[in-house]
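Have a look at the structure below, then the notes.
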Protein chains: 2
Amino acid sequence: MSSTENVKRPVGINDVAARAGVSPGTVSNVLNRPERVAEATRLRVEKAIRELDYVRNSSGRNLRSGRSDSVGLLVLDVTNPFFTMVAQGVEDEAAEAGRTVMLLNSAEDLARQRRSLRLLAEQRVAGAVVMPVDNDVTDLMWLRDRGIPWVLLDRGDVGADLGSSVCVDNHAGGVAAGRHLINLGHERVTFLSGPLGLEQCRTRLAGLRSALAESGIDAEDSVRVIETGSLTAASGEKGVEEVLAGGPRRRPQAVFCANDQLALGLLKGLGERGLSAPHDISVVGYDDIDVAALVHPGLTTVAQPKYEIGRAAMRLLSAELDGPRHGYERMLFAPELVVRGSTAAYRD
Amino acid sequence: MSSTENVKRPVGINDVAARAGVSPGTVSNVLNRPERVAEATRLRVEKAIRELDYVRNSSGRNLRSGRSDSVGLLVLDVTNPFFTMVAQGVEDEAAEAGRTVMLLNSAEDLARQRRSLRLLAEQRVAGAVVMPVDNDVTDLMWLRDRGIPWVLLDRGDVGADLGSSVCVDNHAGGVAAGRHLINLGHERVTFLSGPLGLEQCRTRLAGLRSALAESGIDAEDSVRVIETGSLTAASGEKGVEEVLAGGPRRRPQAVFCANDQLALGLLKGLGERGLSAPHDISVVGYDDIDVAALVHPGLTTVAQPKYEIGRAAMRLLSAELDGPRHGYERMLFAPELVVRGSTAAYRD
DNA sequence: TACTGCTATTGACACGTTTCAATTGAGCTG
DNA sequence: CAGCTCAATTGAAACGTGTCAATAGCAGTA
């Protein structure tokens with residue numbers, strides 16, 4: 001109503017060609033292989049492009065070439081700071097390679113993941129970086145059959161013969177956390193886990209047990225496992241009841257959480273019951289999200305190179321898209337323990 | 001190498017038509033206006049689609065129809081929890097309307113914003129939800145001239161005659177924070193701001209001043225403003241020096257932060273200097289991101305209906321895309337003060 | 001039977017680009 | 001000047017879909 005209603009009639013490569021006095025093919029060459037066209041005509045075409053304010057139509061482009069220049073990124077939860085950092089890395093690396101990222105969110109839901117993969121197929125994206133909900137790769141193989149390659153993120157247990165992957169050594173992370181707690185004199189440790197269906201949770205727990213075992217502590221006896229429904233602060237806060245169940249005598253000396261969000265929720269729950277870390281219980285998290293350094297006391301946690309993981313995944317994908325592949329690659333990053341205030345030596 | 005190399009040859013609408021013994025046009029109708037085709041043939045076509053595992057090619061589709069069914073979402077910072085919540089809302093609403101969202105990140109950088117808008121134009125997206133870096137709408141008008149409408153998010157100061165917008169009443173939020181502090185007996189208040197170029201910061205400050213003024217306090221005298229470079233925890237932590245500058249006598253009784261992240265950083269900085277909220281200084285944040293409830297003490301903050309804002313913006317955009325528009329709409333949400341532990345009455 | 005009014009289906013064209021074989025033209029050689 | 005080479009440019013044919021005027025089929029009516 002208010003603004004002028006004159007929507008410019010769309011200007012295409014042909015209009016540019018007409019204006020510059022060349023054929024459409026030449027304009028296309030200026031756009032895609034400038035070295036093939038003589039300087040004089042190139043300048044003329046570029047001038048026409050500017051004057052007409054031409055912007056190219058990627059639909060036509062993709063249709064003809066059969067392939068888009070954008071890639072998909074499918075994450076488990078856009079609101080989780082861990083994933084957003086990864087996304088940042090993927091995006092930066094993609095931008096440098098001249099690709100655009102289409103971010104999709106499965107919200108840990110298998111049906112949504114399926115819909116998202118289908119969407120990527122419809123768009124004929126060049127490739128995808130995927131953090132799958134579970135270990136079932138049939139949908140992913142379906143995608144590959146359509147000529148769309150992918151790189152797996154944080155799913156170390158999927159066979160390396162199926163595709164490239166980037167992950168962090170969850171076992172080593174669990175070991176690092178375990179050793180730290182042992183050095184502080186803790187023996188009765190609780191593992192506050194997310195869904196044990198997630199490989200990350202299982203492997204971190206296994207690492208913790210290894211660390212205890214190597215110190216001659218019977219892991220079966222001294223590690224209690226509490227499974228929660230999701231890797232969220234809400235779950236952590238609810239989990240506190242079970243952590244404290246059994247009364248003060250059976251109270252764990254330390255809690256290792258599968259995730260920083262669980263740990264933050266747990267810390268809050270403890271606070272509400274008049275307990276605090278590290279005074280009453282030592283608490284260790286996993287991921288090292290930004291807020292881990294902001295809470296008081298600071299959260300001791302196993303840091304993952306989130307941004308770098310994202311970059312690496314996108315780099316792997318780019319390599320597979322550019323060159324012919326020499327088999328699949330698998331990258332394994334090492335986590336690093338960051339000691340802050342939420343852990344302390346055990347007081348007899 | 002390892003997996004079978006047989007990438008299926010692409011199957012199109014024509015293959016489906018051949019298999020079902022109908023014309024391509026009919027297949028297209030089954031896909032887009034099923035009601036126009038007889039039940040028997042529809043079933044036959046659907047069977048062929050299933051058997052051939054046909055998935056449609058959105059490039060061809062968009063090229064022909066001149067418009068894509070996906071919309072763009074341009075945010076200031078993907079790693080900011082406030083924006084990710086908004087994104088969630090946009091995405092959910094879009095999914096219900098059968099649209100897909102392309103998430104782009106300007107990282108508060110004007111050049112990146114420009115590149116992103118251009119990208120959306122190249123993709124011929126149907127529309128966009130945008131949180132612009134600054135008040136300059138020329139790039140946005142450029143987009144609209146190309147026939148791509150948009151809805152503004154959290155930019156209340158851009159004229160309502162230019163486009164639809166969704167925002168939260170920042171002035172009211174500032175007033176709410178101010179009144180709360182006054183009721184607690186605070187008079188010497190510092191406003192820890194992000195870049196004052198951001199309208200959000202300026203208006204929240206104005207609200208704070210109004211609240212003081214209505215209690216007969218001279219806002220010019222009693223409000224000190226500290227401008228930081230960004231709305232991040234790092235900035236907040238650095239800002240603590242300036243907050244405390246002037247020694248204990250001039251120390252503010254309370255600090256109102258433009259953002260929860262600034263507030264969290266500030267709280268950390270205070271802790272490192274042996275001070276704490278609310279004992280030494282009351283602290284109020286803005287946004288009510290998830291962690292605000294998790295830190296100890298809990299952060300008193302002005303809550304925004306983040307998810308709802310996102311949904312509303314997408315709903316507005318959908319309306320503009322579906323029906324012919326009856327002028328632009330402007331939605332204003334009311335913020336709500338959430339009192340937690342970081343504020344307390346002033347001790348003489 | 002001839003005609004009308006439907007609905008269901010068809011077939012050809014257009015969308016904007018890339019690609020590639022074919023053409024032009026200029027410069028060089030003998 | 002004929003013959004050749006090589007770079008620059010052209011023109012037309014796709015790519016996979018949606019659209020729409022045209023057609024076929026069929027039942028009902030006069």
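Hydrogens, waters and symmetry mates play no part in the numbers below; they use all other heavy atoms, side chains included. Lettering follows sequence order; numbering is per chain, from 1.
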* Structure fact -> Whole-Å distance, A:Gln123 CD to D:dG16 C1', equals 15 Å

* To do: Figure out the CZ/P separation between A:Arg42 and D:dA7, and round it to whole Å.
  => 18 Å

* For the side chain of B:Val22, counting heavy atoms from C-beta on, which of D:dT17, C:dT10, D:dT19 is nearest? -> C:dT10

* To do: Indicate, with a heavy-atom threshold strictly under 4.0 Å, whether A:Ser58 touches base, sugar-phosphate, or nothing.
  => nothing

* Rounded to the nearest angstrom, tell me the gap between atom CZ in B:Arg67 and atom P in C:dC15. => 16 Å

* Would a distance-only check, ignoring hydrogens and angles, find a side-chain to backbone donor-acceptor pair under 3.5 Å from B:Ser318 to B:Arg315? -> no

* To do: Looking only at side-chain atoms of A:Asn29, point me to the closest of D:dT10, D:dG16, D:dA14.
  => D:dT10

* To do: May I ask you to say what A:Ser59 touches in the nucleic acid, namely base, sugar-phosphate or nothing, with a heavy-atom cut-off under 4.0 Å?
  => nothing

* Describe the nucleic acid contact of A:Gly25 in one word from base, sugar-phosphate, nothing, applying a heavy-atom distance below 4.0 Å. => base

* Structure fact -> Minimal heavy-atom distance between B:Asp15 and B:Pro10, with the atoms involved, is OD2-O, 4.1 Å

* For B:Gly12, which contact category applies under a 4.0 Å heavy-atom criterion: base, sugar-phosphate, or nothing? -> sugar-phosphate

* **side chain to side chain donor-acceptor pair (under 3.5 Å) evaluation trace for A:Arg155 with A:Asn135** => CA-CA 8 Å; A:Arg155 269 281 161 183; A:Asn135 285 333; 2.4 Å; yes

* To do: Check the distance between C:dT10's C1' and B:Arg44's CZ and give it to me in whole angstrom.
  => 14 Å

* Shortest side-chain distance from A:Ile13, nucleotide among D:dG18, C:dT18, D:dT10 -> C:dT18

* Is the closest basic N to carboxylate O distance between A:Arg311 and A:Glu96 below 4.0 Å? -> yes

* Asked: A:Arg36 CZ to C:dT24 P: how many Å, rounded?
  -> 20 Å

* Ignoring the backbone of B:Ser23, work out which of D:dT19, C:dG11, D:dT10 is nearest its side chain. => C:dG11

* Phosphate contact (D:dT19 OP1 or OP2) by B:Arg33 side-chain N/O below 4.0 Å -> yes

* Asked: Can A:Arg42 and A:Glu46 be counted as an ion pair, charged N to O under 4.0 angstrom?
  -> yes

* Selection from C:dT10, C:dT17, D:dT17 that lies nearest to any side-chain heavy atom of B:Thr26 -> C:dT10

* **B:Asn62 side chain near D:dT17 phosphate (N/O to OP1/OP2, under 4.0 Å)** => no

* Asked: Where each residue is assigned the nucleotide of DNA chain C containing its nearest heavy atom, which of B:Val37 and A:Gly60 is assigned the position nearer the 5′ end?
  -> B:Val37

* Could you check how far CG of A:Leu43 sits from P of D:dA8, rounded to whole Å? => 14 Å

* Between B:Gln88 and A:Asn105, does any side-chain donor sit less than 3.5 Å from a side-chain acceptor? -> yes

* Structure fact -> Side-chain contact check for B:Asn14: nearest option of D:dT17, D:dG11, C:dT19 is D:dT17

* **Length of the line joining A:Arg124:CZ and C:dT18:C1', which is rounded to integer Å** => 18 Å

* Structure fact -> A:Glu39 CD to D:dA7 C1', in whole Å, measures 15 Å

* Asked: For A:Thr41 and D:dA8, is the shortest distance between a side-chain N/O and OP1 or OP2 below 4.0 Å?
  -> no

* Kindly point out which of D:dG16, D:dT9, D:dG18 is positioned nearest to the side chain of B:Leu63? => D:dG16

* Asked: According to a strict under-4.0 Å criterion, is B:Asn57 in side-chain N/O contact with OP1 or OP2 of D:dT17?
  -> no

* Asked: Quick one: the side chain of A:Arg64 and the base of C:dT18, do they pair up donor-acceptor inside 3.5 Å?
  -> yes

